[in-house]
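Here is the structure we will look at, set down as structure tokens.
This structure is a prediction, so every number in the text was calculated from the model and none was measured. Sequence positions, counted from 1, serve as the residue numbers for this chain.
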Amino acid sequence: MATAVNSPDTRVEIPRHFPWPAVAWFLVLLIAVYFPILKSLVLQWSTDEDVGHGFLVPLVAGYIAWQRRDTLAALPLKPAWWGLALLAWGGLQAWVGMLGAELFLQRSAVLISLVGLLLVLGGTAFVRALTFPLLLLPFMIPIPAVIYNQITFPLQLFASRVAEFVLGLIGIPVLRDGNILELASQKLSVAEACSGIRSLLSLTFLALVYGYFFEKRVWMRWVLFAATIPIAIIANAGRVTITGILSEIDTSLAGGFFHSLEGWIIFLIALTMLVGFHAGLKLVGKIRREVRASGPPDDDDPEADHV
């Protein structure tokens with residue numbers, strides 16, 4: 001409901017109250033309906049390091065949505081009843097996914113139902129205001145296995161080829177057979193966990209969040225997002241190379257705690273590279289603006305001084 005304030009020139013709609021309790025209640029119902037699916041998803045977050053960032057995704061998306069609460073409260077509520085079709089679609093997709101034991105269908109159905117619920121409660125303007133946090137939510141869902149396998153194997157081969165080249169360059173004898181590196185000390189297998197997909201997924205999510213908070217230009221946010229792909233791939237290739245070097249020093253450094261610690265360090269380096277890339281782009285833009293500002297006056301400029 002809203003009251004109208006009349007003046008000689010304008011008519012302003014002032015929202016009285018936003019139904020936050022109703023939104024919270026329906027979200028709780030949605031979680032209850034999809035609880036078995038969400039429970040298995042959270043369990044995978046806790047056991048699969050490739051999607052360990054899943055815990056952060058709903059928290060960050062929820063925080064960004066909460067930041068926009070004043071904007072949401074000012075919107076006129078115009079329920080879009082076609083959101084009921086999305087709710088039905090999500091329920092049907094979840095049912096089909098459970099029949100076929102297809103996890104991605106089940107989990108993506110939750111997001112479809114969430115959008116449908118928001119449409120019914122607030123309308124298209126409401127969903128439009130929440131576009132960015134909603135676009136973050138798919139990052140909490142693991143990639144389907146058929147796509148995952150198509151991505152990881154080429155990354156494994158690339159990392160092993162780079163490691164072979166660098167190790168040979170610094171004088172460490174190595175023989176590569178596919179994604180397996182045979183060193184004098186031991187045989188290293190560049191497994192799926194070392195393909196770089198873990199750092200790629202986490203880094204792309206963090207790039208979107210970083211761009212949202214620290215960059216206002218939309219095109220620059222897309223550039224940062226795209227830059228995460230080569231950064232993550234190069235950083236992971238460096239990790240495999242370093243593992244090969246450390247294994248020549250002490251074979252125990254190629255696995256266990258040291259290998260996990262090395263992964264975290266490489267990820268932090270990749271994140272630093274992303275921030276550095278952003279700083280470099282801003283510096284280049286600043287230099288270009290200063291060069292244009294200090295350049296000779298344009299002869300066609302009527303305000304330019306002429307001797």
Starting at CD of E290, measure out to CZ of R288 and round the result to the nearest 0.5 Å. 13.0 Å

Using the side chain to side chain contact (heavy atoms under 4.5 Å, CB included) criterion, which residues pair with A85? Sequence neighbours excluded. none

Hydrophobic cluster identity match, V33 and V110, side-chain contacts under 4.5 Å: yes

Non-hydrogen side-chain atoms of L118 and L134 separated by less than 4.5 Å: yes

Are F213 and M220 co-members of a hydrophobic cluster defined by side-chain heavy atoms under 4.5 Å apart? yes

Holding to side chain to side chain contact (heavy atoms under 4.5 Å, CB included), I want the full list of residues that pass it with L135, two or more places apart in sequence or in another chain. T131

Quick one: which residue pairs count as a ring-ring contact (aromatic ring centres under 6.0 Å, His included) with a foot in residues 65-118, not counting sequence neighbours? none

When you compare the side chain of F158 with that of N236, does any pair of heavy atoms fall below 4.5 Å? no

May I ask you to test the F139-T204 pair for a side-chain heavy-atom distance under 4.5 Å? yes

Test side-chain contact (heavy atoms from CB on, under 4.5 Å) applied to L203 and L271, I229, L208, the passing residue: L271

List the atom of L75, the atom of A125, and the distance in Å for their closest heavy-atom pair. CD1-O, 3.7 Å

Do L87 and I37 share a hydrophobic cluster, counting only Ile, Leu, Val, Met, Phe, Trp and Tyr and linking them when any side-chain heavy atoms are less than 4.5 Å apart? yes

I'd like to check the side-chain hydrogen bond (donor to acceptor under 3.5 Å, both in side chains) partners of R217; sequence neighbours left out, ordered by chain and number. E215

Mind checking the CZ-CG spacing from R128 to L119? Nearest 0.5 Å is all I need. 10.0 Å

What pairs with S113 under side-chain hydrogen bond (donor to acceptor under 3.5 Å, both in side chains), at least two apart in sequence or on another chain? Y34

Given the rule that I, L, V, M, F, W and Y join up when any side-chain heavy atoms are under 4.5 Å apart, are V120 and L72 in one cluster? yes

Hey, mind stepping through I64 and L136 against side-chain contact (heavy atoms from CB on, under 4.5 Å) and telling me if it holds? CA-CA 10 Å; I64 294 174; L136 290 178; 3.9 Å; yes

Calculate, to the nearest 0.5 Å, the distance between atoms CG and CD1 belonging to L274 and I231 respectively. 5.0 Å

By side-chain hydrogen bond (donor to acceptor under 3.5 Å, both in side chains) - contacts of R221 (at least two apart): none

Contacts of F26 meeting ring pair (Phe, Tyr, Trp, His ring centres under 6.0 Å) (sequence neighbours excluded), chain-then-number -> none

Holding to side-chain hydrogen bond (donor to acceptor under 3.5 Å, both in side chains), I want the full list of residues that pass it with T241, two or more places apart in sequence or in another chain. none

Would you please name every residue forming a ring pair (Phe, Tyr, Trp, His ring centres under 6.0 Å) with F165, sequence neighbours left out? none

Is there a side-chain contact between L111 and S108 (heavy atoms, below 4.5 Å)? no

Go through the structure and list residues passing ring pair (Phe, Tyr, Trp, His ring centres under 6.0 Å) with Y63, not counting sequence neighbours. none

With Y210, which residues qualify under side chain to side chain contact (heavy atoms under 4.5 Å, CB included), at least two apart? F214, L224, V275, H278

How many angstroms lie between CE in M140 and CG in L59, if you round to the nearest 0.5 Å? 10.5 Å

So do L41 and P142 actually touch side chain to side chain, heavy atoms under 4.5 Å? yes

Assess whether side-chain contact (heavy atoms from CB on, under 4.5 Å) is satisfied between Q93 and E102, documenting all intermediate values. CA-CA 10 Å; Q93 179 174 308; E102 172 50 52; over 6 Å; no

So how far is it from T47 OG1 to Q44 CD, rounded to the nearest 0.5 Å? 6.0 Å

Side chain of Q106, backbone of G97: donor and acceptor closer than 3.5 Å? yes

Of all residues at least two apart in sequence or in a different chain, which pass the side chain to side chain contact (heavy atoms under 4.5 Å, CB included) check with K78? P76

Please report the closest heavy-atom contact between A109 and G90, naming both atoms and the distance. CB-O, 3.2 Å

Counting neighbours of CZ on F35 that are heavy atoms of other residues, nucleotides or ligands and sit closer than 6.0 Å, is the number greater than 12? no

Around M98, counting heavy atoms of other residues, nucleotides and ligands shown, do more than 12 lie under 6.0 Å from its CE? no

W45 side chain vs S40 backbone, donor-acceptor pair below 3.5 Å: no

Measure the acute angle between the ring planes of Y212 and F132, then classify it against the limits of 30° and 60° as parallel, tilted or perpendicular. parallel

For L137 and L114, run side-chain contact (heavy atoms from CB on, under 4.5 Å): C-alpha distance rounded to whole Å, both residues' side-chain angles, the deciding distance at 0.1 Å, then the answer. CA-CA 11 Å; L137 293 180; L114 175 61; 3.6 Å; yes

For P58 and G54, the nearest pair of non-hydrogen atoms, with its separation, is CD-O, 2.9 Å

If two hydrophobic side chains count as joined below 4.5 Å and joins carry through other members, does I143 share a cluster with L105? no

